[in-house]
*Asks:* 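One structure coming up, written as structure tokens, with questions to follow.
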Amino acid sequence: MSEQADKLELTPDSFKRVGANDTDAQEKISAPSLTFFQDAIRRLKQNKAAIISFWLLAIIILISIVSIWWTPSDPNAQHVAYANLPPKIGNGIPGFTGQANVGGQLVDKYAQANVPKGTYYILGTDYLGRDLFSRLMKGIALSLLIGMLATLFDLMIGVPYGIISGWRGGHTDTIMQRIIEIISSIPNLVVVILMLLLFTPGLGSIVVAMGITGWITMARLIRAETLTLKTQEYVLAARTIGESPFKIATKHLIPNLSSTIIIQTMFSIPTAIFFEAFLSFIGIGIPAPNASLGTLLSDGQKTFRFLPYQMWYPAAAISIIMIAFNLLADGLRDAFDPKTNN
Amino acid sequence: MEKILDVKNLQINFATFAGQVQAIRDVSFHLNKGETLAIVGESGSGKSVTVRSIMGLLANNAHIVGGEIDFKDQDILSMTDRQIENLRGNDISMIFQDPMTSLDPTMPIGKQVAEPLLIHGQMNKAAAMARAEEVLELVGITNAKNRMKDYPHQFSGGQRQRVVIAMAIVNYPEILIADEPTTALDVTIQAQIIDLMKDLQRKIDTSIIFITHDLGVVAGIADRVAVMYAGKIVEYGTVDEIFYDPKHPYTWGLLNSMPTLDTHSEKLYAIPGTPPNLLDPPDGDAFAPRNPYALAIDHEAMPPFFKVTNTHYAATWLLHPDAPSIEPPAAIQQRQQLYRDLIASGQIGTFPQKETDKNVSN
Amino acid sequence: MSATNSDRPRKKLVQVQHLKQYFNPGKPNEVKAIDDISFDIYEGETFGLVGESGSGKSTTGRSIIRLYNPTSGKILFDGQDISRIKHRDMLEFRREMQMIFQDPYASLNPRMKVKDIIAEGLDVHHLVKNDQERDARVNELLNLVGLSRDHATRYPHEFSGGQRQRIGIARALAVQPRFIIADEPISALDVSIQAQVVNLLREIQQEQNLTYLFIAHDLSMVKYISDRIAVMHNGRLMELAAADEVYNHPLHPYTKSLLSAVPRPDPMYERSRHRTDYDDSIEFDNHPRTLQEIVPGHFVFAAADELADYQATAEKYLHEASALGKSPLNA
Ligand SMILES: Nc1ncnc2c1ncn2[C@@H]1O[C@H](COP(=O)(O)OP(=O)(O)OP(=O)(O)O)[C@@H](O)[C@H]1O
Ligand SMILES: Nc1ncnc2c1ncn2[C@@H]1O[C@H](COP(=O)(O)OP(=O)(O)OP(=O)(O)O)[C@@H](O)[C@H]1O
Ligand SMILES: [Mg+2]
Ligand SMILES: [Mg+2]
């Protein structure tokens with residue numbers, strides 16, 4: 001095979017012994033430094049569904065922030081004369097013309113109700129003549145508030161609880177796990193109904209119910225992860241160096257738990273949103289006249305056969321929010337843990 | 001000798017975020033019938049990728065850029081999936097590194113060992129179970145008959161590795177590929193497994209490709225050795241040639257950096273630096289940046305294989321007729337001296353045609 | 001009894017006395033990871049600990065550095081019982097003893113920069129006053145282990161196994177310990193990289209007068225780096241002697257079997273190798289066994305009625321060169 005060599009131009013200089021490169025040069029790392037998070041985000045960006053979900057949620061969050069100060073009209077103001085108007089935008093865009101099919105004929109409901117020109121309801125009105133779009137905005141905002149509270153409980157109770165239980169181990173762990181088992185054996189619904197005995201129905205009792213039970217899954221996951229992390233050699237190294245348990249938790253455990261925390265939060269937000277919607281739907285959640293996705297659905301459901309739009313839009317909103325959170329959570333999980341999708 | 005497997009100019013890339021990883025860069029070797037070929041090299045040098053390509057088990061992001069893998073004059077790389085599956089079941093089988101992950105914890109071992117026969121062969125269940133028992137006996141599971149119904153966790157680490165070997169040889173394959181089958185095991189168990197594989201080779205006359213990074217293991221099991229570095233084979237020859245008359249500075253470094261039970265010197269020889277990044281391998285000899293014996297040309301052009309004997313080739317410019325005479329490290333010289341003594345005293349067979357040998361000082 | 005050699009004037013840095021370490025004691029899944037072992041480590045020496053997987057080597061190291069609380073027995077460091085160290089003196093103890101871990105991929109926190117990993121000990125023990133001093137010390141340590149200051153701001157995943165292991169060594173050295181437990185520091189590394197790490201450990205030992213407990217299952221490397229070696233099996237010490245003694249004049253059958261299994265990079269030796277198997281049922285004959293000094297400095301786990309045999313074997317060794325087949329490479 002050495003014929004190949006003849007094709008090269010070989011000079012006596014070629015065979016001068018020069019030895020190795022200096023070692024510093026070899027140990028140089030030329031690739032740009034990426035932190036774990038940058039790497040994860042790069043992977044996340046490849047996941048189209050997750051990115052679309054992310055932007056959808058961003059828009060939804062923006063709209064609900066706006067709704068705190070401004071809605072097209074007062075969501076609780078009733079105009080009985082304008083009841084059950086179909087959706088209308090401007091002077092009529094297909095699907096939003098303000099017309100309804102009555103006995104096989106298209107009827108301009110706005111004209112019938114003598115709605116002044118220039119007044120229109122993007123998503124129509126309900127049986128009390130309340131602007132559905134404004135109510136939907138408020139409802140979404142409320143759902144996201146619930147989601148935020150769920151996150152808060154996850155972070156403030158679930159994470160520390162899990163870390164302490166996993167880290168201390170032994171009797172502490174046993175007792176803390178028993179407590180979790182007891183709490184989680186009581187159905188959420190029962191807790192809320194019990195709360196109704198103490199408080200009036202409303203945000204308060206939902207929040208208390210979530211505060212009692214919502215963080216359990218997070219605590220369990222964090223405990224399990226902490227149990228493995230605490231036998232990791234870098235944690236042992238920190239102990240042999242003399243690092244205090246609190247510092248170990250903040251410097252070593254939490255950064256390495258962060259992906260679990262983020263992902264679990266993304267899953268517990270839609271769970272909480274759904275929980276609230278469900279309670280409101282069955283009438284023990286947010287009391288009238290306040291809007292929530294659950295009450296909107298419940299109202300819409302009553303007239304669904306004749307006025308389907310009253311239920312479609314809140315139903316679409318809750319579905320989109322739930323799907324978007326779940327897809328984003330899935331995307332985050334794959335991005336943070338590249339092993340699982342390979 | 002009959003060539004049973006012939007790998008020619010194999011080139012494999014992996015597509016990654018950072019670019020194309022050139023994992024296998026022009027690898028050629030062959031396997032003779034009934035022999036054991038050991039592939040050694042450090043982590044990431046491409047040993048596993050090479051053998052996985054023979055089994056058609058490459059990861060999804062792998063891309064075979066070029067080359068051929070001929071099994072009995074048939075190119076594996078151009079076979080259909082069906083043909084490859086057939087090949088895997090009947091002619092070539094593989095033992096993986098971790099005994100625990102290659103066994104299904106929920107299935108009795110007898111059934112697991114018999115499974116390849118039921119999937120691929122035309123054997124009925126009773127015959128397959130009988131063969132499984134026979135093979136388990138062969139790999140040294142005592143009282144195999146009664147242990148067929150036991151589950152993997154009821155066996156020790158060494159026994160589990162024996163079961164994995166039994167699974168791989170139950171078809172009496174023509175080629176057995178073992179990818180670091182002993183790395184996870186203790187020395188005592190490792191020694192038993194190696195003895196077992198040597199014994200099996202004699203009994204069922206299979207050819208073995210044995211991957212490891214432990215040179216001690218290689219010396220015990222191999223007939224021929226290929227040394228890999230950064231996706232290329234840099235030297236190959238018979239086990240005696242590689243251990244007693246190595247020519248490539250990387251092989252020198254490997255042999256030199258291993259203390260034997262008899263090493264006393266103050267400082268171990270250490271190959272400086274780290275292996276190159278295969279995203280952007282150097283133009284010349286990939287080992288040149290770490291090679292104290294590198295010539296100017298090593299940094300510029302990839303050395304071709306120079307023939308040392310009919311069976312021994314090394315890719316280093318030091319073997320070029322114009323290369324200066326270079327003294328290998330003392331320990332290597334000692335090995336070469338021993339080699340000459342052994343040949344002279346007739347303890348090792350010699351290979352008469354020594355051609356380019358003169359350039360490396362003896 | 002403890003495995004000491006009384007006529008040696010050297011200072012005992014670590015004394016392990018009748019150490020027992022059981023996991024889940026009293027439960028059905030009880031593991032006697034360490035079952036009554038005693039040995040001393042002298043200041044400035046490298047004490048090698050070998051044995052097969054699960055024999056209790058890591059547990060021994062972790063008990064000494066107080067990651068575990070012993071079930072019974074005592075560990076003295078510099079004459080002081082480590083289980084009696086008061087809370088406020090604990091930090092001081094943590095400075096004196098450090099550990100290097102086995103797995104280069106698990107021993108560095110993936111979310112921390114190299115400089116913060118190395119400086120962890122500096123921060124905990126307030127060994128630097130400000131950031132400049134901290135950076136300077138980190139660079140000094142990186143330099144010591146053969147890495148460059150550019151590496152300080154990188155994350156562990158950007159390094160190879162050998163480089164990571166050197167970062168782990170720098171972290172241990174940051175607090176200027178006197179005693180380092182190296183738990184299989186090279187077994188996850190490639191041959192060509194193992195030598196780099198072993199050389200580094202030896203260099204640092206000479207410069208800083210360190211004492212090592214070197215745990216490994218690669219017997220040739222342990223032999224190379226250690227002054228004395230203890231062979232461990234099923235949570236007990238089988239044999240303890242100077243490194244050359246253990247290798248050239250092994251007395252216990254377990255040691256012999258372990259040595260006969262070590263592969264050597266020498267085909268001629270391998271062709272003529274004879275493996276001897278060890279049957280551990282001989283340990284279960286209900287004869288009480290302890291470590292007994294057979295010849296000065298050479299201890300074997302033996303029952304009273306076996307002493308004579310071992311002494312006879314030791315006597316025989318005096319007349320032979322070596323018990324094992326010598327490699328022709330070192331004839
Ligand atoms: N699926 C993959 N994607 C990207 N790169 C890969 C992939 N599989 C292997 N590689 C790269 O190919 C090269 C060779 O890998 P290979 O697994 O063959 O090494 P090896 O010699 O078997 O090492 P080891 O001794 O660690 O098993 C490495 O640089 C590795 O990073
Ligand atoms: N935290 C623990 N809980 C229960 N058993 C344990 C624990 N740690 C170790 N063991 C058991 O103690 C025994 C000794 O383990 P150890 O890790 O000390 O072995 P080793 O000699 O270091 O082995 P290796 O070479 O595999 O690292 C083993 O049987 C192991 O399963
Ligand atoms: Mg491999
Ligand atoms: Mg261990």
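Naming: A, B, ... by sequence-line order, numbering from 1 per chain. The figures that follow rest on heavy atoms only: side chains count, while hydrogens, waters and symmetry mates do not.
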*Asks:* When only pairs under 4.5 Å are counted, which of C:V124, C:L67, C:I100, C:N109 shares the most heavy-atom pairs with chain A?
*Replies:* C:N109
*Asks:* Please look at C:M97 and chain A and tell me whether the side chain, the backbone, both or neither of the residue comes under 4.5 angstrom of a heavy atom of that chain.
*Replies:* backbone
*Asks:* Could you tell me whether A:M156 atom CE has more than 12 heavy atoms of other residues or ligands within 6.0 Å of it?
*Replies:* no
*Asks:* Quick check on C:Y22: does its OH atom have over 12 non-hydrogen neighbours (other residues, nucleotides or ligands) under 6.0 Å away?
*Replies:* yes
*Asks:* Please identify each residue that fulfils side chain to side chain contact (heavy atoms under 4.5 Å, CB included) with C:N24, with sequence neighbours left out.
*Replies:* C:K27, C:N29
*Asks:* Should we count CZ of C:F93 as having more than 12 external heavy atoms under 6.0 Å?
*Replies:* yes
*Asks:* Would you mind checking which part of C:E120 comes under 4.5 Å of any heavy atom in chain A, side chain (CB onward), backbone (N, CA, C, O), both or neither?
*Replies:* both
*Asks:* Select, from C:K113, C:M90, C:R171, the one with the greatest count of heavy-atom pairs under 4.5 Å involving chain A.
*Replies:* C:R171
*Asks:* Under a 4.5 Å heavy-atom cut-off, does chain A meet the side chain of C:R62, its backbone, both or neither?
*Replies:* side chain
*Asks:* Side chain from CB out, backbone as N, CA, C, O: work out which of these in C:L91 comes under 4.5 Å of a heavy atom of chain A, or both, or neither.
*Replies:* side chain
*Asks:* With a sphere of 6.0 Å drawn around CZ of C:R178, does it hold more than 12 non-hydrogen atoms of other residues, nucleotides or ligands?
*Replies:* yes
*Asks:* Highest number of heavy-atom pairs under 4.5 Å with chain A: which of C:Q102, C:R94, C:M112?
*Replies:* C:R94
*Asks:* For A:R17, look at atom CZ and say whether over 12 heavy atoms of other residues, nucleotides or ligands are found less than 6.0 Å away.
*Replies:* yes
*Asks:* Strictly less than 4.5 Å between heavy atoms, which residues of residues 222-261 of chain A line up against chain C? Please order them by number.
*Replies:* A:Q232, A:E233, A:Y234, A:L236, A:A237, A:A238, A:R239, A:T240, A:I241, A:G242, A:E243, A:K251, A:H252, A:P255, A:N256, A:S258, A:S259
